[in-house]
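All heavy atoms count here, side chains included; hydrogens, waters and symmetry mates do not.
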Amino acid sequence: MQKRYLLILVTSIFLLACSVKSSHVVVLEKDKFSSKTMLLLPVQNQNEALFKQAYPEAAQVVYEALETHLLALNISLVERNNMRRILQEQKLSQLGLSETEAIQVGKIVQADTLIFASINSYVQGKQKHPISQKIEQTRFGISIKAVQVETAKLLWKANIFRNIDTPFGYTSPVQNLMNEVLKELILELQEKGLGN
């Protein structure tokens with residue numbers, strides 16, 4: 001029985017050690033981060049060129065997950081339909097919204113912080129991926145930043161990448177990895193004093 005537990009422990013340590021992690025979260029204006037209302041802008045899909053068309057749902061899936069995780073900061077988010085209505089009224093596109101246009105929308109909806117997010121990598125691992133025709137590991141990467149509406153100052157930013165470089169990297173769902181990454185981001189932001 002002890003050998004079995006030892007084997008499970010060694011295997012777990014090995015699997016954790018094999019996972020490639022890269023994370024860079026910088027808080028620039030901590031003292032000015034007193035956000036009451038955030039506006040989460042549409043997530044931009046800048047996935048790896050080969051896989052961008054293969055995962056058209058990526059931007060929506062990441063948006064919904066990010067929305068859920070940001071609520072953990074106990075800050076209100078502008079309701080998505082309200083943002084869409086404003087974009088239509090202002091004749092602005094959800095795709096390719098410039099920072100100046102986003103600040104304009106933020107002022108209209110009375111948000112004090114804008115959240116910009118861009119997917120850098122979103123790939124479901126497979127032994128033989130139908131797109132690349134080779135072994136692909138599950139991976140997820142995101143760039144995200146918060147900008148103060150009133151001053152247009154960058155408050156914080158993060159670049160995070162995770163690659164499941166283990167025997168499970170070919171079968172682990174990319175959505176699970178994405179949620180793990182976003183949860184870690186929120187925890188790191190909370191540790192740095194953001195939110196309530």
Side-chain angles (χ1 to χ4, degrees), residues 16 19-30 32-48 51-52 55-84 86-87 94-95 97 99 102 105-106 109-125 137-149 153-164 168-169 172-196:
L16 289 172
S19 181
V20 176
K21 294 184 176 187
S22 169
S23 179
H24 187 64
V25 179
V26 178
V27 176
L28 301 170
E29 297 281 343
K30 181 178 173 183
K32 295 188 179 173
F33 192 90
S34 58
S35 182
K36 294 181 182 138
T37 306
M38 286 183 173
L39 173 59
L40 175 58
L41 295 160
V43 173
Q44 300 302 303
N45 188 354
Q46 302 298 325
N47 197 4
E48 300 166 47
F51 299 101
K52 189 171 184 177
Y55 302 100
E57 76 286 357
Q60 185 62 30
V61 170
V62 172
Y63 182 96
E64 290 174 7
L66 193 51
E67 186 177 51
T68 299
H69 288 286
L70 282 169
L71 289 171
L73 288 173
N74 294 322
I75 295 168
S76 20
L77 290 172
V78 173
E79 210 278 318
R80 195 178 337 177
N81 290 332
N82 190 19
M83 179 189 63
R84 285 186 190 136
I86 298 295
L87 290 174
Q94 287 191 43
L95 300 174
L97 195 64
E99 194 164 309
V105 172
V109 297
Q110 298 179 341
D112 48 29
T113 305
L114 301 173
I115 304 293
F116 295 87
S118 179
I119 300 166
N120 303 323
S121 185
Y122 186 99
V123 179
Q124 175 61 58
Q137 295 166 335
T138 296
R139 53 192 180 273
F140 176 73
I142 189 168
S143 295
I144 184 169
K145 67 180 181 178
V147 174
Q148 190 176 47
V149 171
K153 279 192 174 182
L154 183 63
L155 300 172
W156 56 266
K157 68 178 190 171
N159 292 303
I160 305 172
F161 175 80
R162 295 286 186 275
N163 182 41
I164 303 180
F168 302 110
S172 297
V174 67
Q175 291 90 346
N176 288 359
L177 181 60
M178 170 199 67
N179 276 308
E180 175 189 314
V181 166
L182 296 179
K183 185 176 180 181
E184 287 177 16
L185 168 66
I186 297 304
L187 288 173
E188 190 163 350
L189 288 173
Q190 285 176 322
E191 285 173 10
K192 294 185 176 188
L194 306 184
N196 296 331

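Side chains of Lys36 and Ser76 form no contact here, defined as non-hydrogen atoms less than 4.5 Å apart. Two residues are said to be in side-chain contact when any heavy atoms from C-beta on lie closer than 4.5 Å; Ile115 and Trp156 meet this criterion. The shortest side-chain heavy-atom distance between Asn179 and His69 falls under the 4.5 Å cut-off. Within the 4.5 Å cutoff, side-chain heavy atoms of Val62 are placed close to those of Phe140. Put simply, the side chain of Leu73 reaches to within 4.5 Å of the side chain of Ile186, judged on heavy atoms. Under the 4.5 Å side-chain criterion, counting only non-hydrogen atoms from C-beta, Tyr122 is in contact with Val61. At a threshold of 4.5 Å between non-hydrogen side-chain atoms, the residues Glu184 and Ile160 do not count as touching. At a threshold of 4.5 Å between non-hydrogen side-chain atoms, the residues Thr37 and Leu39 do not count as touching.
Separating the CD atom in Glu180 from the NZ atom in Lys183 is a distance of 9.5 Å, to the nearest 0.5 Å. Annotation: the span from Arg80 atom CZ to Glu64 atom CD amounts to 5.0 Å, rounded to 0.5 Å. Expressed to the nearest 0.5 Å, how far CG of Leu40 lies from CG of Leu70 amounts to 6.0 Å. Distance check: Ile144 CD1 to Ile119 CD1 gives 11.0 Å after rounding to the nearest 0.5 Å. Interatomic distance, Thr113 OG1 to Leu155 CG, rounded to the nearest 0.5 Å: 5.5 Å. Interatomic distance, Leu182 CG to Glu67 CD, rounded to the nearest 0.5 Å: 12.0 Å.
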CA sep, side-chain torsions, deciding dist, call: Gln137, Ile164, side chain to side chain contact (heavy atoms under 4.5 Å, CB included): CA-CA 6 Å; Gln137 295 166 335; Ile164 303 180; 5.7 Å; no
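Side-chain N or O atoms of Gln190 include none that pairs as donor or acceptor with a backbone N or O of Leu185 at under 3.5 Å. The closest donor-acceptor contact from the side chain of Gln148 to the backbone of Lys153 lies at 3.5 Å or more, if one exists at all. In this structure, Gln44 contributes its side chain and Pro42 its backbone to a donor-acceptor pair below 3.5 Å.
Closest approach of Thr138 to Ser172, counting heavy atoms only: OG1-O, 2.7 Å. Across every non-hydrogen atom of Val174 and Arg139, the tightest pair is CG2-O, 3.5 Å. Scanning all heavy atoms of the two residues, the minimum distance from Ala59 to Val43 falls at CB-O, 3.5 Å. The heavy-atom pair separating Asn45 from Tyr55 by the smallest distance is ND2-O, 3.7 Å. A pairwise comparison of heavy atoms in Gln124 and Pro173 identifies OE1-CA, 3.2 Å as the closest pair. When all heavy atoms of Asn159 and Ser143 are compared, the closest pair comes out as OD1-OG, 2.7 Å.
Applying the 6.0 Å contact sphere to CD of Gln60 captures more than 12 heavy atoms from other residues, nucleotides or ligands. Around atom NZ of Lys52, more than 12 heavy atoms belonging to other residues, nucleotides or ligands sit under 6.0 Å away.
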